[in-house]
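Step one of this worksheet: look at the structure below.
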Amino acid sequence: MLAAIALTIGFRPVNSVVVAALRPTGSLGVIASLDLDNITPETADLIAVHTANDRADRALVIVYSEDQALAADVVGAMTCALHGQAVDVAHAGHVDQTTYRDLLVDDAPARPLTDIETSAVAAHAVMMGRNLNATRADLLPRPAARAARDEASNAYADQTAEADQTAHAVATWRLILAGMLDGPEIYGEMAARLTDIRVRDAVLLSMIPEVTPEVVNATVEGREDGTAVGRAIAALVHPEQGREPGHAAHDAADALAQIIAHVPDSAPAWTLWALVAWWNGSGTAARDALSRAGQGYRLAELLRQVLAQGVPPGWVLKHRAGL
């Protein structure tokens, strides 16, 4: 289970509590993680509510900390919150830098973390090319080399001085996705164009299943009455119409990561990348990305509210309802 958690959330937690929902079928459901500094009765209750809403009757509570006494206190707080939602704690554990132990068994011995690294789940992860020792920072795009960033910055400045080129920006975006354009100048140009809300919305629409290129073009040209944006929002959040991210969203995330790598202060790129991360179910990556977007960017603020309220993507709600 510990290996499965690291594989599912994409990194090995540090100074955090992780609560994993266990459904009556025995399947692993929603996994929530929270920094220990942010544990309050309210946040514990919020996690418990989302665990219960995932049709879980049991939960796994794991605390990642160097302080075993603190871990026991956190498990106690989470147990109270989960019991308030009629969810039992099936397993509770404490993980430090080198060992793990069962907190529901008195005087349970510490076991080496190498047990996890040699487990069947870990072996499967290696075959998939996944790293169970990845850190939280590894979830986010890494900066490009300084020379490449300087080149992208110059291209960004050149583009901001030019006249409206929204149609050209959308064409550039499509060529990036197709693998026909890349490089620091291209990423700097695209970062500048994303500051135009029409271009940003076109990029967002291009990720949504069943949104055609004609609709994207109409949005950029101001000929779209908002219906497409409404469908896009429904595909993201609606509990019946929600769609899982497909190849278009994954390709867009890769392209946005390149833009971020070359223009690290691009609020639109960070926000769109965070949106895809949330859509994929990685709230941690989304929150960390939004912290890079800075304050005052409206779409980022709206997404922060979604994350603060623990709102899952529509496709998750759809699965919970069995639709």
Side-chain angles (χ1 to χ4, degrees), residues 10-11 134-208 213 216-217 219-221 245 247-280 282 284-304:
F11 66 99
T135 67
R136 185 167 174 170
D138 292 330
L139 296 178
L140 300 181
R142 296 293 184 91
R146 179 59 182 268
R149 283 184 280 136
D150 288 344
E151 189 176 347
S153 178
N154 291 334
Y156 183 102
D158 291 342
Q159 289 298 316
T160 54
E162 292 189 12
D164 177 40
Q165 292 193 29
T166 52
H168 172 73
V170 173
T172 299
W173 173 251
R174 288 172 175 154
L175 291 172
I176 292 173
L177 294 180
M180 299 175 67
L181 280 180
D182 64 5
E185 289 189 12
I186 294 298
Y187 298 132
E189 172 189 338
M190 200 64 220
R193 293 306 174 196
L194 282 173
T195 60
D196 186 320
I197 293 177
R198 293 171 298 172
V199 175
R200 183 203 68 192
D201 288 349
V203 168
L204 173 57
L205 286 174
S206 72
M207 306 179 197
I208 307 299
V216 174
N217 292 340
T219 300
V220 170
E221 295 165 6
H247 292 299
H250 297 312
D251 291 346
D254 290 342
L256 289 164
Q258 288 294 335
I259 294 171
I260 290 166
H262 289 81
V263 187
D265 59 351
S266 173
W270 274 116
T271 302
L272 289 172
W273 191 92
L275 180 65
V276 179
W278 167 80
W279 193 10
N280 274 309
S282 181
T284 299
R287 280 189 291 272
D288 289 353
L290 288 175
S291 71
R292 270 72 168 181
Q295 302 296 320
Y297 192 65
R298 187 167 181 271
L299 183 59
E301 298 298 336
L302 291 173
L303 188 53
R304 284 191 185 98

Closest non-hydrogen atom pair, [X] against [Y]:
{"X": "R304", "Y": "L290", "value": "NH2-O, 2.6 Å"}
{"X": "A253", "Y": "V276", "value": "CB-CG1, 3.9 Å"}
{"X": "L194", "Y": "R200", "value": "O-CB, 3.7 Å"}
{"X": "A289", "Y": "W273", "value": "CB-CE3, 3.6 Å"}
{"X": "V220", "Y": "R198", "value": "O-CD, 3.6 Å"}

Donor-acceptor pairs are to be reported for all side-chain atoms of residues 257-267 against protein atoms at under 3.5 Å, with residues two or more places apart or in another chain.
unit_1, atom_1, unit_2, atom_2, d
H262, ND1, Q258, O, 2.8
S266, OG, A269, N, 3.3

task = Answer yes or no: is there a side-chain heavy-atom contact under 4.5 Å between V170 and R193?
result =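 No, too far: nothing below the 4.5 Å cut-off.
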
request  = Find out whether P141 and W270 are in side-chain contact, i.e. whether some heavy atom of one side chain is under 4.5 Å from a heavy atom of the other.
outcome  =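 When only atoms from C-beta onward are counted, W270 and P141 do touch, with a gap below 4.5 Å.
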
inquiry  = Once salt bridge (Lys or Arg N to Asp or Glu O under 4.0 Å) is applied, do any residues pair with D201, and if so which ones, sequence neighbours excluded?
reply    =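 Listed in chain order: nothing, the list is empty.
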
Pair up each side-chain donor or acceptor in residues 173-187 with any protein partner under 3.5 Å, not counting sequence neighbours, and list the distances.
unit_1, atom_1, unit_2, atom_2, d
W173, NE1, S206, OG, 3.1
R174, NH1, N217, OD1, 3.1
R174, NH2, P213, O, 3.1
R174, NH2, N217, OD1, 3.0

task = First locate atom CE of M207, then atom CG of L272, and finally report the distance between them rounded to the nearest 0.5 Å.
result =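 The distance works out to 4.5 Å.
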
ask   = What is the distance from atom OG1 of T284 to atom CG of L140, rounded to the nearest 0.5 Å?
value =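 Answer for the OG1-CG pair, T284 versus L140, is 10.0 Å.
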
For residues 146-153, please give each side-chain donor-acceptor pair under 3.5 Å, one per line with the distance, not counting sequence neighbours.
unit_1, atom_1, unit_2, atom_2, d
R146, NE, D150, OD1, 3.2
R149, NE, A144, O, 2.9

key: With R292 via side-chain hydrogen bond (donor to acceptor under 3.5 Å, both in side chains) - residues at least two apart   =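 Checked R292 against side-chain hydrogen bond (donor to acceptor under 3.5 Å, both in side chains); zero matches.
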
task = Count the heavy atoms of every other residue, nucleotide or ligand shown that sit under 6.0 Å from CG of L302, and state whether that count exceeds 12.
result =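 Buried by this count: over 12 neighbours within 6.0 Å.
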
message = Check this for me, if you would: do R298 and E301 make a salt bridge, where the nitrogen-to-carboxylate-oxygen distance has to be below 4.0 angstrom?
response =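 Here R298 does not pair with E301 in a salt bridge, since their nearest N and O are not under 4.0 Å apart.
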
request  = Carefully, step by step, assess H250 and N280 under the rule side-chain contact (heavy atoms from CB on, under 4.5 Å).
outcome  = CA-CA 9 Å; H250 297 312; N280 274 309; 3.2 Å; yes

query = Does the side chain of H168 come under 3.5 Å of the side chain of Q159 through a donor N or O and an acceptor N or O?
reply =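 Checked: H168/Q159 side chains show no N/O donor-acceptor pair below 3.5 Å.
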
key: Trace of the side-chain contact (heavy atoms from CB on, under 4.5 Å) decision for L303 with L299   = CA-CA 6 Å; L303 188 53; L299 183 59; 5.7 Å; no

inquiry  = Tell me every residue that passes side-chain contact (heavy atoms from CB on, under 4.5 Å) with S282, counting only those two or more places apart in sequence or in another chain.
reply    =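 S282: side-chain contact (heavy atoms from CB on, under 4.5 Å) contacts with A285.
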
query = Going through the checks in order, is the side-chain contact (heavy atoms from CB on, under 4.5 Å) test met by D158 and E189?
reply = CA-CA 8 Å; D158 291 342; E189 172 189 338; over 6 Å; no

